[in-house]
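In what follows, a single structure is set out as structure tokens and then discussed.
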2 protein chains.
Amino acid sequence: MHEGGTLRRVPDEPRRIPEATVARLPLYLRSLVTLADEREATCSSERLADLAGVNAAKVRKDLSYLGSYGTRGVGYDVEFLLHQVSRALGLTHDWPVVIAGAGNLGRALANYGGFTSRGFPVVALVDTDESKVGEKVGTTPVRHLDDLEALVKEHHVAIGVLATPSGAAQEVADRMVSAGIGSVLNFAPAVVTVPDEVSIRKVDLASELLILSFYQQRQAGGLTDLTG
Amino acid sequence: MHEGGTLRRVPDEPRRIPEATVARLPLYLRSLVTLADEREATCSSERLADLAGVNAAKVRKDLSYLGSYGTRGVGYDVEFLLHQVSRALGLTHDWPVVIAGAGNLGRALANYGGFTSRGFPVVALVDTDESKVGEKVGTTPVRHLDDLEALVKEHHVAIGVLATPSGAAQEVADRMVSAGIGSVLNFAPAVVTVPDEVSIRKVDLASELLILSFYQQRQAGGLTDLTG
DNA sequence: ATGTGTGAATCGGTTCACAGCC
DNA sequence: GGCTGTGAACCGATTCACACAT
């Protein structure tokens, strides 16, 4: 349904929200939580923009896709808007998660409290390494990959996190999909494809460093080295 | 110089490479390494596109920004193109890295061999927690944040990784910048701003999950719940 | 007076389609 | 005949600027 920057969707939808807007909703959510913590009753698009690190026009256009939730001359009601953004993001209930790969990264992700506390409880790590199966990482049990289907069924897991070696990523993704997972977050440095109706997003640490390296290099001395 | 999707650059440059293209170069690099491992001498844009998970027209246009390195009717020389892409990405030498924050994430990143092996040696973790200073995470020493400037000078560190709690992220980023770091990779779920001449990129795990949650929710049952 | 909501203009990026070279 | 390189057409997203509501 949604893959690395390209969106394919069923045509009839209440309001089509642009992909770029969806990617910023989490930013607004965080900003609104901050404002709510500070007991601010209302806020302008300008204020929200500052907190989210974008410009005010973008905030207004983005929010307008969710509905006309602001008041002209006044701004947005913080609590109300927070509720609307939460609802748009599907935070009305938890989304249980399974992490595949109990290596360094998988364990760090399982330990990282940010997931569970924000409505994405990690129900299990899965791995094929028998010596790891049965362990606990923090409070999260390590189960065998073969238990994936049962875990998904039992805990209604909708999101799978790929933290496997890249060689195994596609195969594990396939198993996730056939187990009924609808969304995949891929940390493996590999191209993984899924059917159209499944969402996939990629987090690629190595690529990020390479991109920074590109600009870093151009910044200092890129013009002096013209050797082919 | 480059911030979360927006690029600001000095106007006079050999060839301006679009930001979207730069973001795909790491993908091509990986694909070319695969082809080189398989002893393939040449490859078409189509083949490269398959491996990189994009389409062939995009590959050709992207590569054309680097130069006319292909041969009409034949394709691209794998080794030669690999060299050119590596050079464009600044991989002619190592880029030492400092990771700020010796918590779960920082330690996992330090342990994750992918960085060091790919030309981004982690020279140190820095933290303000005195009880952690002096430890080693794998082979990486934990130093006090106050040593940042000395570390940057001594190891010519160009890239800083923010793996601190979000409350500390901006402050640590400021210290990185004043220590002379030119590129920042931010893992903290906070908006961090840097001067124009510094690059910053963000990896936000929580946001990625929220975005998946958005599409997951729409996929199943989004149309049935129309309550305001 | 103030600040939202939104058409219109603009911009960057993608895709098309074919001329040009092997 | 096959495949690259690239203008032109297209498309999504951003920014502008102002009408409209309070």
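Computed from heavy atoms alone, side chains included, the values below leave out hydrogens, waters and symmetry copies.
Nearest-nucleotide positions on DNA chain C place A:Gly73 closer to the 5' end than the other of A:Leu63 and A:Gly73. Across the interface with DNA chain D, nearest-nucleotide mapping of A:Ala20 and A:Thr71 shows A:Ala20 to be the residue nearer the 5′ end.
Nucleic acid contact for A:Tyr69: sugar-phosphate only, since backbone atoms but no base atoms lie under 4.0 Å from a heavy atom of the residue.
Under 4.0 angstrom from either OP1 or OP2 of D:dG5 there lies at least one side-chain N or O belonging to B:Tyr76. Side-chain N/O atoms of A:Asn55 include one lying less than 4.0 angstrom from OP1 or OP2 on D:dT15. Taking only side-chain nitrogens and oxygens, A:Tyr65 never comes nearer than 4.0 Å to OP1 or OP2 of D:dA13. Between B:Lys58 and C:dT15 there is a side-chain N or O to OP1 or OP2 distance below 4.0 Å. For the OP1/OP2 pair of D:dT4 and a distance below 4.0 Å, the side-chain nitrogens and oxygens of B:Ser45 include at least one atom meeting the criterion.
With rounding to whole Å, B:Arg24 atom CZ is found 8 Å from C:dG13 atom C1'. In this structure, the CZ atom of A:Phe80 is 15 Å from the P atom of C:dT4, given to the nearest Å. For B:Asp62 and D:dT6, the CG to P distance is 13 Å, given to the nearest whole Å. Between the CG atom of B:Asp77 and the C1' atom of D:dT4 there is a distance of 15 Å, given to the nearest Å. In this structure, NZ of A:Lys61 is placed 9 Å from C1' of D:dT15, rounded to the nearest angstrom.
The nucleotide whose nearest atom lies closest to any side-chain atom of A:Pro18 is, among C:dG5, D:dA13, D:dG7, D:dA13.
Taking 3.5 Å as the limit, the base of D:dT4 and the side chain of B:Arg72 contain a donor-acceptor pair of atoms between them.
Counted by atom type alone, A:Thr92 and A:Arg87 present zero donor-acceptor pairs between their side chains at under 3.5 Å. Residues A:Thr21 and A:Asp62 have side chains that bring a donor and an acceptor to within less than 3.5 angstrom of each other.
Screening B:Leu51, B:Asp37, B:Leu27, B:Leu81 against B:Leu32 for a side-chain contact (heavy atoms from CB on, under 4.5 Å) leaves a single residue, B:Leu81.
When the shell of 6.0 Å around CD of A:Glu46 is examined, it contains 12 or fewer heavy atoms from other residues, nucleotides or ligands.
Taking the six-membered ring for Trp and the full ring otherwise, A:Phe80 and A:Tyr69 have centroids separated by under 6.0 Å.
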